[in-house]
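Since the model is a prediction, treat every value here as computed from it, not as a measurement. Every chain is numbered from 1 and lettered A, B, ... according to where its sequence line falls, protein lines coming before strand lines.
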There are 2 protein chains.
Amino acid sequence: MTTEEQSTPENNILNAAKEIFQKKGMAAARMQEIADEAGINKAMLHYYYRSKELLFEAVFKSAFSMLAPQLNEIMNADTTIFEKIRNFSSNYISFVLKHPYLPNFIIQELNRNPEFVKNLIAEKNFPNISKFKLQVNEKVAEGIIRPITAEQLFINIMSLNIFPFIGAPLLKGFLNFDDEAYKKLMEKRKTEVSDFIINAVKI
Amino acid sequence: MTTEEQSTPENNILNAAKEIFQKKGMAAARMQEIADEAGINKAMLHYYYRSKELLFEAVFKSAFSMLAPQLNEIMNADTTIFEKIRNFSSNYISFVLKHPYLPNFIIQELNRNPEFVKNLIAEKNFPNISKFKLQVNEKVAEGIIRPITAEQLFINIMSLNIFPFIGAPLLKGFLNFDDEAYKKLMEKRKTEVSDFIINAVKI
DNA sequence: ACATTTGTCAACCATTTGGTTAAACTAAAT
DNA sequence: ATTTAGTTTAACCAAATGGTTGACAAATGT
């Protein structure tokens with residue numbers, strides 16, 4: 001049994017809400033539009049999820065929980081740093097190519113309401129960087145990688161993997177690439193990003 | 001004479017609108033709030049800028065025109081690639097530390113309305129990558145930098161400089177940093193980012 | 001001095017929007 | 001058959017919102 005999704009009204013609504021919220025953001029999304037997408041009456045939204053705010057929270061947490069495991073992987077897996085970087089880059093890019101609105105949705109709403117992060121941290125499975133930090137410091141001490149703090153390296157890994165999706169409209173414009181060409185570029189990044197990072201830190 | 005800003009009603013409104021639009025985004029921003037911020041009657045907004053949509057466009061173009069010159073610099077300056085990367089990283093991070101809402105605002109609204117990019121491309125001063133491309137290809141051919149396409153390198157430079165600001169709330173959460181500590185991290189990135197990139201490409 | 005344009009405002013308006021209600025429907029339990 | 005609990009809907013509501021109007025003041029030109 002895999003993580004198959006039951007077809008309950010709650011799930012039906014949640015999926016419709018995901019679609020709309022992720023495309024338009026909290027403020028621009030309309031309850032009526034979500035109801036239409038779900039093929040139900042608007043009152044049902046309030047019956048199952050009391051308010052727009054609560055429905056949004058459910059969507060947000062569900063979206064975030066799809067990303068958290070991948071971040072935990074890079075933090076806590078029992079592999080070398082280089083393997084972690086390779087795995088994360090490849091897996092993350094594959095994942096986002098399937099869910100293109102997700103990263104922007106998360107980032108956008110966290111910027112709108114930064115206190116929301118505290119909420120997420122309280123959840124179990126919130127990624128913890130401490131193990132990754134030890135590992136980086138160790139490898140720096142051993143002279144295997146150039147001196148760099150774990151924080152900066154972590155930010156760099158996240159930046160190189162996430163930004164190309166969030167900034168896609170802008171980057172497509174600069175590069176004069178259409179959707180097709182840009183997607184090919186992203187495919188290549190599955191390996192190029194990790195090569196880039198590893199070249200940057202390897203001595 | 002520098003680019004001093006005249007205190008016309010138009011400018012007054014535009015600045016107030018920038019403040020509100022950048023903090024909340026188009027959909028969540030309220031015309032009344034912009035009027036309050038500008039210290040004028042709501043009807044004045046419509047007198048000077050016919051509609052919310054047009055006021056937003058004015059704000060967006062003004063915001064984008066603050067970033068474009070810096071991008072042109074990395075594309076077209078008469079310096080070596082390494083100097084360009086160093087200059088851009090340092091200048092861009094300094095700039096954004098002063099205007100923290102700007103990058104997220106641009107990215108967020110371009111994602112909301114991707115066709116907007118076509119509008120921007122038509123403007124003069126829209127950054128053009130062709131010169132940078134030639135330069136990268138040349139240096140790769142000369143064996144000075146590792147084989148990489150100009151597009152991928154460009155995306156990497158943009159990602160490493162821009163994402164740490166857009167993703168700040170999330171990254172602060174992961175790293176468990178407060179605003180103060182995070183800002184210090186960004187200060188350090190003025191040089192660390194370019195070192196990282198140069199290490200990644202230099203042979 | 002007078003007329004005309006330009007700027008400013010409080011009050012108003014039509015529409016949209018999140019949310020509620022009361023009644024109707026369904027299906028299982030008694 | 002009747003009760004009961006859960007589900008669904010159309011109609012409704014109050015508040016918020018972008019936008020307008022008409023009266024009035026302040027410049028501006030003649």
Subject >> Shortest non-hydrogen contact between Gly173(B) and Phe126(A), atoms and distance >> reply: O-CE2, 3.9 Å
**OP:** Using a 4.0 Å heavy-atom cut-off across all strands, classify Tyr48(A) as base, sugar-phosphate, or nothing.
**Re:** sugar-phosphate
Subject >> Ile107(A) side, atom CD1; Asn104(B) side, atom CG - distance, nearest 0.5 Å >> reply: 8.0 Å
Subject >> CG-CD1 distance between Asn15(B) and Ile20(B), expressed to the nearest 0.5 angstrom >> reply: 11.5 Å
For a quick check under 3.5 Å, do [X] and [Y] share a side-chain donor-acceptor pair by atom type?
X: Arg189(B); Y: Asn156(A); value: yes
X: Gln152(A); Y: Thr149(A); value: no
X: Asp36(B); Y: Gln32(B); value: yes

[X] has an atom [atom1]; how far is it from atom [atom2] of [N], in whole Å?
X: Lys42(A); N: dT20(C); atom1: NZ; atom2: C1'; value: 9 Å
X: Tyr47(B); N: dA10(C); atom1: OH; atom2: P; value: 17 Å
X: Lys52(B); N: dT16(C); atom1: NZ; atom2: P; value: 15 Å
X: His46(B); N: dA10(C); atom1: NE2; atom2: C1'; value: 15 Å

Original post:
What's the verdict on side chain to side chain contact (heavy atoms under 4.5 Å, CB included) for Met75(B) and Phe154(B), showing C-alpha distance, side-chain angles and the deciding distance?
Top reply: CA-CA 9 Å; Met75(B) 309 282 208; Phe154(B) 178 72; 3.6 Å; yes
Subject >> Bounds of contact between DNA chain D and chain B, in 5' to 3' order, using a heavy-atom cut-off under 4.0 Å >> reply: dT17(D) to dT21(D)
Subject >> DNA chain C contacts among residues 9-35 of chain B, heavy-atom distance under 4.0 Å >> reply: none
Original post:
In terms of side-chain geometry, is the basic nitrogen of Lys183(B) or Glu187(B) positioned less than 4.0 Å from the acidic oxygen of its partner?
Top reply: no
